[in-house]
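For the single chain, residues carry numbers from 1 onward in sequence order.
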Amino acid sequence: MATAQGVLATAVPAAAQSAQGDISLTIYNNDLALVQDVRQMTLPVGRARHEFPDVSAAIRPETVTLNAAGTGIVEQNFDYDLLTPAKLMDKAVGQTVTLVTTNPATGAETRESATILANNGGTIVRVGDRIEVLDGRSARVVFPSLPAGLRASPTLSVTLDTTTPGARPVSLSYLSRGFGWKADYVALFDETAGKIDVQGWVTLTNNSGTTFDRAKVLLVAGAVGNARQGYDLGYRRPAPPLPGNRPGTQSAGRESLGDFYVYPIATRTTVANAQQKQVSFLDVGGAAATRGYHFRNDWLGNQTEPQSVDSVLRFSTAREAGLGDALPAGTVRVYMRDAREQPQFIGENAIDHTPMGSALALKTGEAFDVKVLASVEKRERIASGEWERTARYRVTTDGKTPVEATVEREVTFWRTTMTYRVTNAKASPITVDVVQAGLDNWWHDTRVPSETIKGEQRSQDERVWQVPVPANGEAVLTVQFDTRY
């Protein structure tokens with residue numbers, strides 16, 4: 001695409017075309033970009049129509065703004081009916097064209113006038129007194145001119161009213177669909193050293209139908225409000241967080257825009273249509289990291305076969321001993337070196353926009369040789385010795401004078417005894433985070449009167465135990481739950 005800064009027409013209706021000028025792109029995560037295009041133009045006094053070719057084919061015309069000294073917008077139109085062979089033939093229905101056929105033996109060309117009758121799944125033409133279906137392999141069509149309304153590139157037509165004629169910069173800005181970006185992270189984990197090296201890449205996508213040459217690009221991390229997409233007001237239950245995840249409270253040293261972080265691409269770059277582009281934005285070596293194991297059991301989960309635990313990578317984005325940066329949402333792909341020192345892929349997971357100072361625990365897969373068997377050993381109804389008032393209402397003893405009365409009852413529980421048998425076939429000891437979920441619902445609440453390992457109540461619904469398991473051995477956790485109904 002040309003980058004010359006052209007001069008537009010100075011009179012209605014004729015207009016010369018101008019290629020893009022100085023382009024700036026601000027690209028958001030949610031199929032949206034702000035395009036700012038500064039073109040050098042010569043404007044006549046009064047009203048004149050000007051064409052801006054090479055705008056985004058996915059432009060939102062209602063968002064267009066134009067700024068130029070001594071100039072205002074009277075009217076604007078977006079022409080997106082692009083010139084293609086099929087569109088050219090559609091527009092030529094009813095017109096006279098020239099058919100050119102070539103003799104394959106002699107190479108001699110024959111020309112005939114023809115009228116295009118229809119172009120529906122094939123082209124039908126009248127040649128003299130006969131009707132033919134046009135075969136593009138034996139004939140080519142010569143059109144006398146371009147039909148009105150077809151454009152070689154997406155074009156914005158604007159009628160301007162100028163009070164001061166002459167050359168000046170004109171700034172055109174608009175929102176466009178068809179853009180997006182995401183972060184991808186490559187993490188090399190050294191378990192022996194307890195370290196992780198992380199590279200962050202921005203993957204930028206342009207499906208707007210237009211190439212933007214030598215653009216200044218800013219990437220905004222976060223989902224800005226978009227009335228066209230609306231807001232998701234439905235309830236979406238997120239996946240339960242792993243133990244060890246904690247949001248950070250440190251301010252990153254990056255540029256911010258309102259409540260969003262901005263990631264500028266250092267040099268100008270061409271953002272071609274139908275292209276993915278990757279740019280590095282993070283390169284950190286030697287950050288602290290550990291591997292852990294996680295198992296989550298639903299309420300009254302009673303397994304018949306041992307289940308593999310989740311393998312978890314834990315690290316921090318903190319300034320001290322961490323990655324030292326805020327991380328835009330994306331996918332973390334984790335590698336480890338094998339016995340031959342070759343990096344091998346061991347799993348991946350997604351992260352949300354993560355502030356600096358956060359602790360992250362990412363599931364990378366399921367452990368082959370660490371398993372848990374959760375079993376309901378016993379369920380029994382017990383009395384607690386506690387009494388409670390369950391109702392208060394007004395009654396009459398003599399049929400005339402009401403008095404207040406209450407009903408009291410003894411509180412009872414269902415006592416559930418659970419065992420979690422953890423086995424470890426590894427040659428080294430490990431610790432497994434065992435999580436019991438479902439402890440608090442709208443119809444009951446649960447207490448823990450007895451446990452062989454002291455647990456931590458992570459929330460009203462979940463309790464976590466860190467279970468140490470010896471090498472090539474097993475450990476058993478036993479817990480009693482008193483559930484009040």
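Defined by atom type and a distance below 3.5 Å, a donor-acceptor pair is missing between the side-chain atoms of Lys363 and Ser311. With 3.5 Å as the limit, one finds a donor-acceptor pair spanning the side chains of Ser208 and Asn206. Side-chain contact check for Arg314 and Thr290: no donor-acceptor pair (N or O, by modelled atom type) lies under 3.5 Å. For the 3.5 Å distance criterion, the side chains of Gln278 and Thr203 qualify, holding a donor opposite an acceptor. Using modelled atom types, one finds no donor on one side chain facing an acceptor on the other under 3.5 Å when comparing Ser171 with Asn67. With hydrogens and angles left out, the side-chain atoms of Thr478 and Thr452 include no donor and acceptor closer than 3.5 Å. Using a 3.5 Å distance cut-off with no hydrogens or angles, the side chains of Thr331 and Glu348 do not pair a donor with an acceptor. No hydrogens or angles considered: a donor-acceptor pair under 3.5 Å links the side chains of Thr65 and Ser173.
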Would you check, one step at a time, whether the test ring-ring contact (aromatic ring centres under 6.0 Å, His included) holds for Phe481 with Trp414?
-> CA-CA 8 Å; Phe481 300 98; Trp414 276 101; over 10 Å; no

Just do the side chain to side chain contact (heavy atoms under 4.5 Å, CB included) check on Tyr293 and Asp310 with the steps written out, would you?
-> CA-CA 6 Å; Tyr293 300 95; Asp310 294 337; over 6 Å; no

Let me see the working for Leu32 and Arg60 under side chain to side chain contact (heavy atoms under 4.5 Å, CB included), right down to the final yes or no.
-> CA-CA 10 Å; Leu32 189 68; Arg60 291 172 53 179; 3.8 Å; yes

Give the C-alpha distance, both sets of side-chain angles, the deciding distance and a yes or no for side-chain hydrogen bond (donor to acceptor under 3.5 Å, both in side chains) between Gln344 and Asp338.
-> CA-CA 7 Å; Gln344 302 292 349; Asp338 60 18; 3.0 Å; yes

Stepwise side-chain hydrogen bond (donor to acceptor under 3.5 Å, both in side chains) check, Thr416 with Arg379 = CA-CA 5 Å; Thr416 304; Arg379 291 247 316 154; 2.6 Å; yes

For Ser56 and Phe212, run side chain to side chain contact (heavy atoms under 4.5 Å, CB included): C-alpha distance rounded to whole Å, both residues' side-chain angles, the deciding distance at 0.1 Å, then the answer.
-> CA-CA 9 Å; Ser56 168; Phe212 295 89; 4.0 Å; yes

Do Val35 and Leu25 pass the side chain to side chain contact (heavy atoms under 4.5 Å, CB included) test, and can you show the C-alpha distance, the side-chain angles, and the key distance before you say yes or no?
-> CA-CA 5 Å; Val35 181; Leu25 296 177; 3.7 Å; yes

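At least one donor-acceptor pair under 3.5 Å links the side chain of Trp181 to the backbone N or O of Val220. In this structure, the side chain of Thr446 does not engage the main chain of Thr483 through any donor-acceptor pair within 3.5 Å. Put simply, the side chain of Asn297 gets close to the backbone of Gly301: a donor and an acceptor are under 3.5 Å apart. With hydrogens and angles ignored, the 3.5 Å screen pairs no side-chain donor or acceptor of Thr423 with any backbone N or O of Glu474. Looking at Asp37, its side chain never comes within 3.5 Å of a backbone N or O of Ile23 through a donor-acceptor pair. A donor-acceptor contact shorter than 3.5 Å is absent between the side chain of Ser176 and the backbone of Ala33. At distances below 3.5 Å, at least one donor-acceptor pair connects side-chain atoms of Gln303 with backbone N or O atoms of Ala374. No donor-acceptor pair under 3.5 Å is formed between the side chain of Ser428 and the backbone N or O of Ala471. The closest donor-acceptor contact from the side chain of Ser375 to the backbone of Asn302 lies at 3.5 Å or more, if one exists at all. Formation of a donor-acceptor pair under 3.5 Å by the Thr211 side chain with backbone atoms of Asn273 is found in this model.
Among all heavy-atom pairs drawn from Arg49 and Glu51, the shortest one is NH1-OE2, 3.0 Å. Ile453 and Trp465 make their closest contact through O-CD1, 3.0 Å (heavy atoms, listed as atom of the first residue, atom of the second, distance). The shortest non-hydrogen separation linking Val170 to Ala68 is CG2-CB, 3.7 Å. Smallest separation of non-hydrogen atoms from Asn207 and Ala274: OD1-CA, 3.9 Å. For Pro328 against Tyr263, the heavy-atom pair with the smallest separation is CD-OH, 3.3 Å. The shortest non-hydrogen separation linking Thr210 to Val55 is OG1-O, 2.8 Å.
Gln466 CD: 12 or fewer foreign heavy atoms inside a 6.0 Å radius. Other residues, nucleotides and ligands place more than 12 heavy atoms under 6.0 Å from the CZ atom of Arg415. Remark: Gln460 CD is loosely packed, at most 12 non-hydrogen atoms of other residues, nucleotides or ligands lying under 6.0 Å away.
Atom OH of residue Tyr174 and atom CZ of residue Phe52 lie 11.0 Å apart, to the nearest 0.5 angstrom. Rounded to the nearest 0.5 Å, atoms CD (Glu366) and NZ (Lys371) are 8.0 Å apart. Distance check: Leu323 CG to Leu360 CG gives 8.0 Å after rounding to the nearest 0.5 Å. Atoms CG and CG, on Leu300 and Asp298 in that order, are 10.0 Å from each other to the nearest 0.5 Å. Annotation: the span from Glu75 atom CD to Arg47 atom CZ amounts to 9.0 Å, rounded to 0.5 Å. Taken to the nearest 0.5 Å, the OG1 atom of Thr71 stands 8.0 Å off from the CG atom of Leu66.
Between Ile59 and Val64, the closest side-chain pair of non-hydrogen atoms falls below 4.5 Å. Tyr185 is listed as a side-chain neighbour of Ile351, based on a closest heavy-atom distance under 4.5 Å. At least one side-chain heavy atom of Leu282 sits under 4.5 Å from a side-chain heavy atom of Leu327. Between Leu439 and Trp299 the shortest side-chain heavy-atom distance falls below 4.5 Å. Between Val422 and Val476, the closest side-chain pair of non-hydrogen atoms is not below 4.5 Å. Ile73 places a side-chain heavy atom less than 4.5 Å from the side chain of Val158. You'll find the side chain of Leu43 stays beyond 4.5 Å of the side chain of Pro165, heavy atoms only. Within the 4.5 Å cutoff, no side-chain heavy atoms of Val284 are placed close to those of Asp325.
Each of Arg268, Gln36, Arg214, Gln40 was compared with Asp22 under the side-chain hydrogen bond (donor to acceptor under 3.5 Å, both in side chains) criterion, and only Arg268 meets it.
The residues Lys426 and Asp369 are annotated as salt-bridged, a charged nitrogen and a carboxylate oxygen being separated by less than 4.0 angstrom. Salt-bridge check for Asp184 with Arg333: passed, with a basic side-chain N closer than 4.0 Å to an acidic carboxylate O. A salt bridge does not link Arg39 to Asp54: none of the charged nitrogens lies less than 4.0 Å from a carboxylate oxygen. Note on Asp197 versus Lys195: no salt bridge recorded, every NZ/NE/NH1/NH2 to OD/OE distance being 4.0 Å or above. A salt bridge does not link Arg463 with Asp440: every distance from a Lys NZ or Arg NE/NH1/NH2 to an Asp or Glu carboxylate oxygen is 4.0 Å or more. Ion pair Arg177/Asp31 not flagged as a salt bridge, since none of the NZ, NE, NH1 or NH2 atoms sits closer than 4.0 Å to an Asp/Glu carboxylate oxygen.
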